[in-house]
Amino acid sequence: MKKVLFAVAATGFAASAFAQSNVTIYGSLDAGVAYVSNLGGGSVARVDQGTMQPDRIGFRGTEDLGGNLKANFQLETGFYTDSGAQPSAGKLFNRYSTVGLSGDFGAVTMGHMPDIVFDYVGKLSNGYQLTNWYLFHPGNLDSLANTYQFDNAVRYTSPTFAGLQLSGMYGFGEVAGDNSNGRNISAGATYTNGPLRAALAYSKLNNRAAGYGGAFLQSLGLGTAATVFNSLSTTAAGVGYTIGPVRLNADYTQVKISLPTGVTPKQKNFDLGAAWRYAAADTLNFGYGLSKLESARWNTFSLSHVHAFSKRTEFYVQAAYQRAGGSARFAVMNGTGAGGATGVSGSDTQLVTTIGMHHSF
């Protein structure tokens with residue numbers, strides 16, 4: 001990714017007292033022509049956004065305070081390339097809005113940011129590693145896709161010791177008289193050693209709105225988009241390994257769901273993926289995913305080809321197919337609904353194909 005840097009240098013007395021600051025502007029735009037075989041009983045052709053990577057623009061900055069201490073900030077907003085709309089109305093910086101300090105002690109960050117399940121394990125999932133938004137799990141209840149962030153959060157990330165890094169995060173509910181209402185917690189560890197990367201993470205979210213998961217809940221008769229979970233507790237693990245031109249990834253998540261109706265089902269998800277860079281500019285991606293919720297299950301298969309015109313511009317062709325089984329009556333693939341939400345098929349199968357272009361800056 002090419003970065004545009006602006007050096008902000010103080011002058012006069014300030015120049016002798018403070019070091020230089022750097023601000024990076026970055027972003028991603030992605031759009032493609034997609035065909036969904038079955039959405040609510042009929043097929044549809046359309047322009048989809050953010051299929052390989054979410055559409056976004058952001059600002060990241062650091063100031064060297066001396067003694068290896070730095071001040072950091074990040075502001076990032078998501079949008080839809082196909083319409084120019086924002087996924088979160090009323091939130092200008094809906095993906096990141098943080099400020100913090102880093103140094104020999106690690107890093108402390110405060111503000112609005114994704115949880116550690118996404119940051120550590122989500123980046124080892126098929127949706128992320130195979131760059132295909134449709135491959136995140138039905139309803140995204142495990143938050144492997146960065147669609148749910150913590151508000152009012154404080155995060156500590158340790159220095160890296162022999163490849164191991166630890167992190168903990170607390171999101172204040174800020175409801176007077178009820179400290180648990182809206183409270184979010186998350187913790188995790190990641191380990192990197194050459195071609196190996198492994199991660200463990202846990203998150204518990206209280207009083208989270210169903211949002212994108214509403215269609216998934218409705219397809220099972222468990223709720224609607226207006227549903228507010230009592231809690232969602234996610235335990236996640238992932239691993240990635242590179243062997244020459246082949247990159248392998250696998251992850252497992254388990255979500256304990258507490259619904260207002262008193263029902264407490266569990267969702268279990270498993271991914272296995274491979275990316276084969278068979279030429280300097282060409283990569284083939286293969287993926288399989290299995291999701292279960294009690295006796296319902298969904299099998300998802302994917303195949304895609306990515307051609308890199310440059311470091312910043314890519315052309316891709318991809319296909320994802322899902323079949324529901326057990327007590328599940330409908331396929332519910334992530335991203336086939338409006339605005340990238342879960343879309344419910346009118347049958348037990350769903351196919352989505354996309355031809356598109358991705359550009360980063």
Side-chain angles (χ1 to χ4, degrees), residues 1 3 26 28 52-54 60 102 104-107 109 113-137 140 142-146 155-169 186-203 234-255 268-291 300-306 308 311 314 316 318 320 334 358 360:
M1 181 183 294
K3 298 181 178 179
Y26 64 92
S28 175
M52 281 192 67
Q53 288 192 30
R60 185 186 296 114
S102 63
D104 294 334
F105 61 89
T109 309
M113 67 194 98
D115 74 349
I116 298 168
V117 167
F118 161 75
D119 196 26
Y120 281 0
V121 180
K123 294 177 181 178
L124 294 168
S125 68
N126 278 358
Y128 193 96
Q129 287 289 309
L130 306 185
T131 59
N132 189 334
W133 178 258
Y134 305 116
L135 304 185
F136 289 111
H137 305 133
N140 189 35
D142 54 14
S143 297
L144 292 194
N146 183 18
R155 174 174 175 171
Y156 169 72
T157 302
S158 75
T160 300
F161 301 102
L164 178 66
Q165 185 183 72
L166 306 175
S167 193
M169 188 171 169
S186 189
T190 182
Y191 175 74
T192 304
N193 186 355
L196 172 67
R197 182 179 177 187
L200 294 169
Y202 171 81
S203 286
T234 300
T235 304
V239 63
Y241 196 83
T242 301
I243 309 171
V246 177
R247 185 182 68 248
L248 305 173
N249 67 279
D251 69 79
Y252 172 81
T253 67
Q254 178 176 282
V255 186
K268 299 178 181 180
N269 306 288
F270 170 74
D271 284 344
L272 183 63
W276 174 35
R277 189 173 182 179
Y278 67 91
D282 296 283
T283 302
L284 275 174
N285 298 308
F286 310 87
Y288 168 72
L290 172 64
S291 294
T300 304
F301 305 87
S302 65
L303 174 66
S304 67
H305 179 268
V306 180
K311 291 182 178 180
E314 300 168 301
Y316 60 88
Q318 57 187 209
N334 185 75
H358 169 247
S360 60

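These numbers come from a predicted model, not from an experiment.
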Smallest heavy-atom separation, Leu272 atom then Ala250 atom, equals CD1-CB, 4.1 Å
When rounded to the nearest 0.5 angstrom, what distance separates OG in Ser360 from CD in Glu314?
7.0 Å
From CG (Asn285) to CG (Leu303), nearest 0.5 Å:
8.5 Å
Begin with the C-alpha distance, continue with both residues' side-chain angles, and end with the deciding distance and a verdict on side-chain contact (heavy atoms from CB on, under 4.5 Å) for Leu144 and Val117.
CA-CA 7 Å; Leu144 292 194; Val117 167; 3.7 Å; yes
When rounded to the nearest 0.5 angstrom, what is the spacing between NE2 in His358 and OG in Ser28?
3.0 Å
Which pair of heavy atoms, one from Gln318 and one from Ser304, lies closest together, and at what distance?
CB-CB, 3.4 Å
Shortest non-hydrogen contact between Leu164 and Tyr191, atoms and distance:
N-CD1, 4.0 Å
Suppose we screen for side chain to side chain donor-acceptor pair (under 3.5 Å). Which residues come up paired with Thr253, at least two apart in sequence or across chains?
Asp142, Asn269
Locate the shortest heavy-atom distance separating Tyr288 from Phe301; write the atom from each residue and the value.
CD1-CE2, 3.4 Å
Least distance between heavy atoms, Leu284 atom then Tyr278 atom:
CG-CE2, 3.9 Å
Within this structure, what is the OH-OG1 distance for the pair Tyr252 and Thr235, rounded to the nearest 0.5 Å?
8.5 Å
What's the separation between atom CG in Asn249 and atom CZ in Arg197, rounded to the nearest 0.5 Å?
11.0 Å
Do any pairs count as a salt bridge (charged side-chain N to carboxylate O under 4.0 Å, His left out) and have a residue in residues 120-137, sequence neighbours left out, and if so which ones?
Asp119-Lys123
According to side chain to side chain donor-acceptor pair (under 3.5 Å), who are the partners of Arg247, at least two apart in sequence or on a separate chain?
Gln129
Non-hydrogen atoms of Gly273 and Leu130 that approach each other most closely:
CA-CD1, 4.2 Å
Testing Asp271, Thr300, Asn126 for side chain to side chain contact (heavy atoms under 4.5 Å, CB included) with His137, which one passes?
Asp271
Listed by chain and number, what are the ring pair (Phe, Tyr, Trp, His ring centres under 6.0 Å) partners of Phe270, not counting sequence neighbours?
none
Measuring from His305:NE2 to Thr283:OG1, what's the distance to the nearest 0.5 Å?
7.5 Å
List in chain and number order the residues that pass side chain to side chain donor-acceptor pair (under 3.5 Å) with Tyr241, two or more places apart in sequence or in another chain; answer none if no residue qualifies.
none
Does Met169 offer a backbone N or O that forms a donor-acceptor pair with the side chain of Ser186 under 3.5 Å?
no
Aromatic plane relationship, Tyr128 with Phe118 - under 30° parallel, 30 to 60° tilted, over 60° perpendicular:
perpendicular
Is it the case that the side chains of Asp115 and Ser203 hold a donor-acceptor pair, with the cut-off being a distance below 3.5 Å and no angle test?
yes
Heavy-atom distance under 4.5 Å between the side chains of Tyr120 and Leu200, does that happen here?
no
Any residue meeting side chain to side chain donor-acceptor pair (under 3.5 Å) with Thr157, in chain and number order, not counting sequence neighbours
Arg155, Ser167
